[in-house]
Amino acid sequence: MTELKKISEYKWEVPQTGNMRVPGIVYANKSMIKALEKEGALKQVANVATLPGIVRASLAMPDIHQGYGFSIGGVAAFDWETGVISPGGVGYDINCGVRLATTHLEEKDIKTKVADLVNALYKNIPCGIGSKGSVKLSVKEEKKVLEQGSKWAVKEGFGENSDVDHTEDYGCMPNADPDIVSERALERGRKQLGTLGSGNHFLEIGVVEEIYDPEVARAFRLFEGQVTLMLHSGSRGFGYQVCDDFLAFMVKHARKLDFELPDRQLSCAMIQSEEGKRYFNAMACAANYAWANRQIMMHKSREVFMRTLEISPRDLGMTLLYDVCHNIAKKETHITEGKKQVVCVHRKGATRAFPAGHETVCDAYRTVGQPIIIPGDMGTASYVLVGTEKAMEETFGSTCHGAGRVLSRKAAKKASKGRAIYRELEDKGILVRWRGRNTMAEEMPDAYKDISQVIDVVHGAGISKKVAKLRPIGVVKG
DNA sequence: ATGTTC
């Protein structure tokens with residue numbers, strides 16, 4: 001059991017002990033802390049704090065739970081020259097992320113068409129484990145996807161240039177090197193572009209239920225009653241294979257490290273080593289794959305809306321608000337003790353939250369800050385937030401990524417026995433179509449933390465600010 | 001998350 005020291009209402013410290021080079025900082029409320037102290041995630045926060053080059057603190061967001069090596073909901077920045085990079089600090093689903101598109105439609109415009117829309121999305125966008133067949137790629141074209149990300153998708157007719165502008169990093173990490181990913185990863189990736197995947201991945205039709213910040217909402221073109229489309233997916237089998245390959249690769253080279261790993265799952269390499277560079281450049285390929293993947297699916301959804309509702313692109317007005325990644329490591333510059341420092345920020349189940357004025361925030365949002373998309377579970381709300389200066393000062397410009405699990409998949413299956421989850425959702429006005437036999441049980445709302453509490457913590461702590469709340473009305477699950 | 005154990 002790891003004990004926490006209270007710093008403020010929403011901020012708790014894991015005191016620096018043993019080999020920890022810095023303390024841990026957990027953003028949470030009192031009731032979350034009680035549950036956290038009983039499980040392994042805090043030990044993982046402490047373990048990360050022992051790694052070389054870690055700057056300031058090992059951070060955890062309120063949706064923290066135990067993951068592979070690093071906790072999910074964790075943020076850790078390592079000095080670019082003296083620090084490490086770790087596949088476990090990124091996660092298996094490299095550049096798993098969420099995007100939100102707004103439309104010109106209001107709920108009343110589609111009230112009688114929700115079932116048609118959900119059915120058409122389910123039919124036109126392959127989903128489920130092992131799903132394939134949305135876009136066919138030659139080996140040569142696949143390498144272009146890995147190098148170009150969203151830009152490749154738009155060039156091939158899947159979307160518009162403004163979609164690229166409204167994607168974190170413009171949907172492309174520039175250092176991607178397709179020649180260093182395995183044949184097996186390439187093989188798995190070739191058939192899966194434009195597919196949703198399974199588990200917590202989804203497509204969701206929503207309605208803007210509440211606006212908290214009218215000025216920022218205006219900049220984001222959000223209004224009450226507006227129909228939205230949210231998409232949660234990642235880099236599919238390709239990213240999984242890259243992660244798997246490099247975990248093995250780093251274990252093989254572990255004896256080159258001159259420090260002790262508290263957990264084998266934290267296998268890593270110095271950022272400046274050959275191994276570290278290789279992982280970083282392979283990870284970038286998977287990041288670009290994921291961006292192209294989400295771009296293609298959003299564009300196909302656009303076409304589904306136009307066909308199903310028999311309306312023009314102009315009347316639909318489906319525009320990408322923003323696309324965020326929540327499993328990634330990035331080279332960024334941050335201010336430490338008044339000085340600029342280049343760091344490798346690992347966000348695993350955490351979202352970038354850059355403030356107004358930051359040079360990486362696209363023109364459309366430069367004056368208000370970066371949009372942040374936070375999905376809840378499929379039975380409750382999702383949120384749009386905006387990045388803040390305080391996030392820059394405290395969390396390397398980072399915030400939470402979602403509700404966070406409270407029940408394991410197995411426990412959720414047990415808890416759902418004798419219940420028809422889809423029916424319970426239907427009674428709440430949410431129509432669901434799903435592929436996997438166990439998906440409804442494993443993803444039931446009871447399996448997740450209360451998203452409103454998670455949002456309260458990040459808003460209360462000031463590491464992002466509430467802009468709007470969305471209510472789901474139609475969901476496609478893998 | 002994941003052709004859920006090459």
Side-chain angles (χ1 to χ4, degrees), chain A residues 41 44 63-74 86-99 126-134 137 142 181-203 231-249 251-252 265 282-283 285-287 289-291 293-294 297 324-329 346-351 375 377-378 400-413 434-444 447-448 476-478:
Chain A
Q44 295 190 315
D63 47 343
I64 181 182
H65 53 113
Q66 199 170 339
Y68 184 93
F70 290 61
S71 67
I72 294 157
S86 172
V90 170
Y92 265 92
D93 192 1
I94 297 166
N95 191 8
C96 184
V98 206
R99 60 171 54 194
C127 67
I129 189 158
S131 50
K132 55 186 178 184
S134 177
L137 290 174
E142 185 184 21
V181 302
S182 67
E183 282 301 322
R184 198 161 160 198
L186 292 171
E187 174 66 25
R188 289 181 75 171
R190 208 156 65 236
K191 300 166 215 153
Q192 293 197 314
L193 196 64
T195 67
L196 189 65
S198 69
N200 63 9
H201 289 167
F202 64 80
L203 260 164
L231 166 56
H232 179 208
S233 186
S235 49
R236 311 287 290 106
F238 180 83
Y240 180 95
Q241 194 61 49
V242 169
C243 179
D244 219 33
D245 290 342
F246 277 87
L247 282 168
F249 177 71
V251 167
K252 205 171 122 191
Q265 295 188 350
M283 180 202 70
C285 291
Y289 186 99
W291 274 315
N293 191 34
R294 291 197 288 273
M297 285 189 280
V324 298
C325 23
H326 53 225
N327 276 15
I328 202 145
H346 292 62
R347 296 190 184 92
K348 181 185 186 181
T351 313
D377 62 75
M378 61 182 157
C400 63
H401 87 304
R405 270 195 176 273
V406 280
L407 296 181
S408 68
R409 285 175 189 195
K410 203 172 156 190
K413 249 163 91 173
W434 68 97
R435 174 76 69 181
R437 179 192 295 264
N438 299 320
T439 300
M440 275 300 105
E442 291 175 353
E443 293 295 317
M444 66 195 286
Y448 287 91
V476 174
K477 294 283 283 180

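Chain identifiers are assigned alphabetically (A, B, ...) following the order of the sequence lines, protein sequences preceding nucleic acid strands; residue numbering begins at 1 within each chain.
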Whole-Å distance, A:Leu196 CG to B:dT2 P, equals 9 Å
Rounded to whole Å, CZ of A:Arg236 lies from C1' of B:dT4 at a distance of 13 Å
Sorted by chain and residue number, the salt bridge (Lys or Arg N to Asp or Glu O under 4.0 Å) partners of A:Glu443 (sequence neighbours excluded) come out as A:Arg405, A:Lys477
Taken to the nearest whole Å, CD1/A:Ile129 to C1'/B:dT5 is 13 Å
Sorted by chain and residue number, the salt bridge (Lys or Arg N to Asp or Glu O under 4.0 Å) partners of A:Lys191 (sequence neighbours excluded) come out as A:Glu187
A:Tyr92 atom OH is separated from B:dT4 atom P, nearest whole Å, by 12 Å
When rounded to whole Å, the CZ to P distance for the pair A:Arg437 and B:dT4 reads 16 Å
With sequence neighbours left out, the residues meeting salt bridge (Lys or Arg N to Asp or Glu O under 4.0 Å) with A:Arg236 are none
Atom CD of A:Glu443 and atom P of B:dT4 are separated, to the nearest Å, by 18 Å
Is the shortest side-chain heavy-atom distance between A:Met283 and A:Asn95 below 4.5 Å? no
Listing for DNA chain B: consecutive Watson-Crick or G-U pair runs of at least 3, distance cutoff 3.5 Å, ranges ordered by first number, gives none
Sequence neighbours excluded, the answer for ring-ring contact (aromatic ring centres under 6.0 Å, His included) partners of A:Tyr68 is A:Tyr92
Of all heavy-atom pairs linking A:Ser198 and A:Ile129, the shortest is CB-N, 3.6 Å
The ring-ring contact (aromatic ring centres under 6.0 Å, His included) partners of A:His201 (sequence neighbours excluded) come to A:His232
From CD of A:Gln241 across to P of B:dT5 the rounded distance in Å is 14 Å
Using a heavy-atom cut-off of under 4.0 Å over every strand shown, decide if A:Gln192 touches base, sugar-phosphate, or nothing.
sugar-phosphate
Phosphate contact (B:dT2 OP1 or OP2) by A:Ser198 side-chain N/O below 4.0 Å: yes
Practice item. Report which part of the nucleic acid A:Gly237 touches: base, sugar-phosphate, or nothing (heavy-atom distance under 4.0 Å, all strands). Key: sugar-phosphate
In whole angstroms, the gap separating P of B:dT4 from CG of A:Asp244 amounts to 11 Å
Exercise. NA contact type, A:Arg409, heavy-atom cut-off 4.0 Å: base, sugar-phosphate, or nothing?
Worked result: base
